Amino acid sequence: MTSPTPDHSSTKSMDDIVALCRRRGFIWQSSEIYGGINGFWDYGPLGAQLKKNLKDAWWQDIIKTPPAGPDGNDLDIVPVDCTIIMHPKVWEASGHVGGFNDPMVDDKETKQRFRADHLHALFAENKGAFDNPQTVQAWRDGRIKVLPHLTVVANGIGEAVAMIKGNSKSLKPFRYVEDFGDLEDGYAIKLVDKDNNTVMGVVYPVDQEILKSDIANYPSPFTGKRGTLTEPRMFNLMFVTYVGALQDEDSKAYLRPETAQGIFTQFWNVVDTSRVKVPFGIAQVGKAFRNEVTPRNFTFRSREFEQMEIEFFIRPETAAEWYQYWRDTRYAWWQSIGLAGANLQLREHDKEELSHYAKEGAGVCDVEYRFPFTAPGFGELEGIAHRSDFDLKAHATACGKGEKMMYRDPVTNEKFFPHVIEPSAGADRGTLAVLCEAFTPTPGRAGTQYMMRFTPRMAPIKAAIFPLVNKDGMPEIADKLYRQLRYKYVIETDAKQSIGKRYARMDEAGTPYCFTIDGETAANQTVTVRDRDTAEQSRINIDQVESFLAEHIGS
RNA sequence: GCGGGUGUAGCUCAAUUGGUAGAGCGUCAGCUUCCCAAGCUGAAUGUUGCGGGUUCGAGUCCCGUCACCCGCUCCA
């Protein structure tokens with residue numbers, strides 16, 4: 001086992017980790033020979049095996065041998081493997097398209113976001129700027145400048161006027177008197193100022209071009225303060241593609257930003273075909289895509305990444321219990337694969353940072369790892385969220401069948417939309433955390449500068465078989481042992497160069513054990529076992545190598 | 001998206017006011033070698049991130065671009 005460092009921010013440099021990943025073939029930049037492409041990463045031979053070990057461990061522990069539930073009975077979790085491209089309506093129903101294909105403005109102070117074309121403003125000035133049509137026209141033509149008095153977010157001019165009239169506080173120092181009537185694109189209202197002078201006010205949707213250049217003069221619709229709004233920006237977090245040879249609006253589709261929606265849309269088929277009943281889980285491993293604004297920190301925020309997701313369907317009233325259960329279970333799982341120290345933590349979210357689907361739920365938490373680049377802070381590995389019945393309900397509504405799609409409890413015949421607890425883990429982030437945790441500088445050690453102390457279950461290479469020298473029958477014995485073991489384990493053999501160099505290379509690859517055939521082997525059928533972490537050797541019978549691995553690595 | 005920095009062999013780094021792109025390590029091959037990047041001999045490796053410009057001549061100066069790093073921003 002590795003002995004975890006309490007805080008490796010001072011001892012581990014991300015640059016060194018990235019360099020080792022590159023040099024030894026764990027992780028490379030995608031399309032490197034063309035200069036790379038921002039936010040995309042490839043796994044080399046050692047990295048591909050490492051990531052596979054992580055995903056295999058997850059698959060084993062979730063689907064093949066799921067843990068026991070709160071009542072002591074094994075959970076029922078079945079896998080699916082859904083497509084990356086789905087019907088575009090999936091993403092409308094899930095809420096991914098709605099708010100994110102339009103120019104959006106953020107209020108930096110309140111962190112609220114709204115569609116730029118929903119912003120309406122009231123223009124009014126003390127000096128009676130709008131008391132005649134000519135002045136209004138002059139303003140509309142841009143010949144005179146009038147700053148907006150206040151703004152509101154509204155779906156249409158009527159709603160905007162109603163909101164403005166209804167909020168006497170933000171209207172100050174003006175007071176609403178009466179409607180004046182429709183203008184060409186806007187609406188005029190009569191106001192009075194504090195000296196009871198009549199002031200004409202006009203409400204218009206904010207011109208998008210003016211908003212872009214003059215955003216600093218527009219008060220926040222939430223606080224009334226100027227200077228806290230960001231420029232309108234297109235938030236298109238989803239990758240767009242086109243299905244079929246014709247590229248037009250009708251053929252537009254998206255690469256999924258999360259694997260979860262495949263599970264939700266096939267929930268009914270799973271129920272109909274798999275003899276599962278609530279509570280049960282559906283799990284999936286697969287790629288997802290997000291057009292991140294700033295991909296950074298090595299593979300941590302990649303635009304193409306792989307998720308390991310469970311949607312665990314439950315009765316609504318049991319949400320709190322199951323949320324607790326999955327929180328604790330998933331935290332323990334990450335510990336079990338080698339992230340056992342103080343670099344791993346569980347963090348409950350504050351209510352304010354919750355997503356749209358989780359506002360009213362039993363909770364959301366993250367399993368977080370202290371990466372060298374986040375230290376002393378932490379970065380998310382897995383989020384566990386109570387998503388309520390948001391998604392099933394949304395899809396039932398969007399596809400038009402509505403309550404007919406409610407789940408029927410086969411025992412009680414009750415009909416309801418199950419709630420869901422979603423433990424959603426990042427395979428790439430998990431791999432990166434395992435890499436960072438394993439990375440160990442070895443300043444006092446001969447040969448290697450660094451070694452990788454993977455837990456045996458994660459190690460890309462489980463053992464190496466070396467002939468001590470490349471003659472005297474040793475290579476033949478090594479080759480025989482290698483061929484015998486490689487059916488069960490990832491094993492390497494190497495006869496070239498000095499034994500020290502070969503050990504050192506295995507230390508860097510994180511191989512837990514090396515078996516060496518030496519002069520004694522032919523005589524008494526024993527080999528040496530070298531332990532990666534201590535560099536100490538012991539001698540075992542060559543017939544016991546396989547059982548040694550079974551005991552120390554698992555099968 | 002904004003500001004700053006960096007970019008020479010797989011890695012670490014050299015290269016005189018602008019004047020022939022090199023070294024160590026690693027890698028590979030052969031020999032040697034009975035336990036920790038050991039030794040000997042040899043070999044391969046670059047349009048100096050990419051593209052323009054200035055110049056008789058650019059790794060070096062200028063512009064653009066790409067990637068990475070740091071700080072903002074962003075991260076339903």
Side-chain angles (χ1 to χ4, degrees), chain A residues 13-16 18-25 28-41 44 91 94-101 104 106 108 111-114 230-238 257-258 260 290-298 300-303 305 353-359 364 366 373 379-380 383 385 387 390 442 445-451 464 466-474 494-508 514-523 527-532 534-539:
Chain A
S13 132
M14 202 58 210
D15 286 346
D16 291 341
V18 172
L20 183 134
C21 283
R22 184 172 147 64
R23 185 159 48 84
R24 290 310 311 262
W28 297 312
Q29 223 185 338
S30 169
S31 320
E32 193 184 281
I33 60 169
Y34 290 101
I37 175 165
N38 200 352
F40 296 88
W41 301 89
W91 307 111
S94 68
H96 286 84
V97 170
F100 291 90
N101 268 335
M104 305 292 288
D106 288 298
K108 284 184 259 190
K111 305 281 181 204
Q112 296 195 75
R113 174 176 295 158
F114 57 90
T230 63
E231 264 186 46
R233 290 172 292 191
M234 289 300 285
F235 273 80
N236 200 346
L237 118 144
M238 283 194 291
E258 61 176 22
R290 293 183 195 182
N291 231 335
E292 299 287 355
V293 177
T294 310
R296 208 170 271 192
N297 287 329
F298 205 27
F300 184 77
R301 182 167 288 136
S302 299
R303 289 182 162 137
F305 58 100
E353 61 179 306
L354 296 187
S355 305
H356 58 85
Y357 53 74
K359 286 280 185 210
V364 176
D366 287 341
F373 52 79
E380 177 188 354
R387 284 177 82 130
F390 177 92
T442 52
R445 196 147 145 161
T448 49
Q449 258 190 296
Y450 312 108
M451 63 187 291
F466 296 144
L468 183 58
V469 294
N470 197 13
K471 61 176 186 181
D472 301 338
M474 295 179 206
D494 185 3
K496 297 288 180 65
Q497 299 185 311
S498 74
I499 190 70
K501 197 173 280 194
R502 285 177 279 166
Y503 286 148
R505 275 198 287 247
M506 283 301 149
D507 287 345
E508 254 187 5
C514 295
F515 299 97
T516 302
I517 283 78
D518 61 12
E520 284 185 48
T521 305
V527 297
T528 61
V529 188
R530 173 186 177 275
D531 180 276
R532 175 195 65 200
T534 62
E536 283 169 6
Q537 286 178 294
S538 55
R539 190 163 272 277

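Scope of the values below: all heavy atoms of this structure, side chains included, with no hydrogens, waters or symmetry mates. Values in this document were obtained by computation on a predicted structure and should not be read as measured data.
- Shown are A:Lys496, A:Met474, A:Arg502; of these, the side chain to side chain contact (heavy atoms under 4.5 Å, CB included) with A:Phe466 is made only by A:Arg502.
- Atom CG of A:Asp531 is separated from atom P of B:C36 by 17 Å (rounded to the nearest Å).
- Between A:Met451 and A:Glu508 the shortest side-chain heavy-atom distance does not fall below 4.5 Å.
- Here the C1' atom of nucleotide B:A37 and the CG atom of A:Asp494 are 13 Å apart, to the nearest Å.
- Of the two residues contacting RNA chain B, namely A:Arg24 and A:Asn297, the nearest-nucleotide position lying further toward the 5' end is that of A:Arg24.
- Put simply, CZ on A:Phe466 is 12 Å from C1' on B:A37, counting in whole angstrom units.
- Distance CD1 (A:Ile37) to P (B:C50): 19 Å, rounded to an integer number of Å.
- Across all strands shown, B:G5 is found opposite B:C68 as a Watson-Crick or G-U wobble partner, with both distances under 3.5 Å.
- Going from atom OG1 of A:Thr528 over to atom CZ of A:Arg539 covers 6.0 Å, rounded to the nearest 0.5 Å.
- Whole-Å rounding puts the A:Asp15 CG to B:G7 C1' distance at 14 Å.
- Taking the six-membered ring for Trp and the full ring otherwise, A:Phe298 and A:Phe373 have centroids separated by 6.0 Å or more.
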Determine, for nucleotides 26-35 of chain B in 5'-to-3' order, which nucleotides have protein heavy atoms under 4.0 Å from the base (write B), from only the sugar-phosphate (write S), or from neither (write -).
-SSSS--BBB

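- Looking at every heavy atom in both residues, A:Gly383 comes nearest to A:Asp366 through CA-OD1, 3.4 Å.
- For the pair A:Ser94/A:Phe390, no side-chain contact is recorded, criterion being any heavy-atom separation below 4.5 Å from C-beta on.
- Close to B:G10, at under 4.0 Å from its OP1 or OP2, lies no side-chain N or O of A:Arg22.
- With A:Trp28 contributing its side chain and A:Arg22 its backbone, the two residues share a donor-acceptor pair below 3.5 Å.
- The interatomic distance linking A:Arg301 (CZ) with B:U73 (C1') rounds to 11 Å, in whole Å.
- Across all strands shown, B:U27 forms a Watson-Crick or G-U wobble pair, both distances under 3.5 Å, with B:A43.
- In this structure, CD of A:Glu508 is placed 9 Å from C1' of B:A37, rounded to the nearest angstrom.
- Protein atom CZ of A:Arg303 is 8 Å distant from nucleotide atom P of B:A67, rounded to whole Å.
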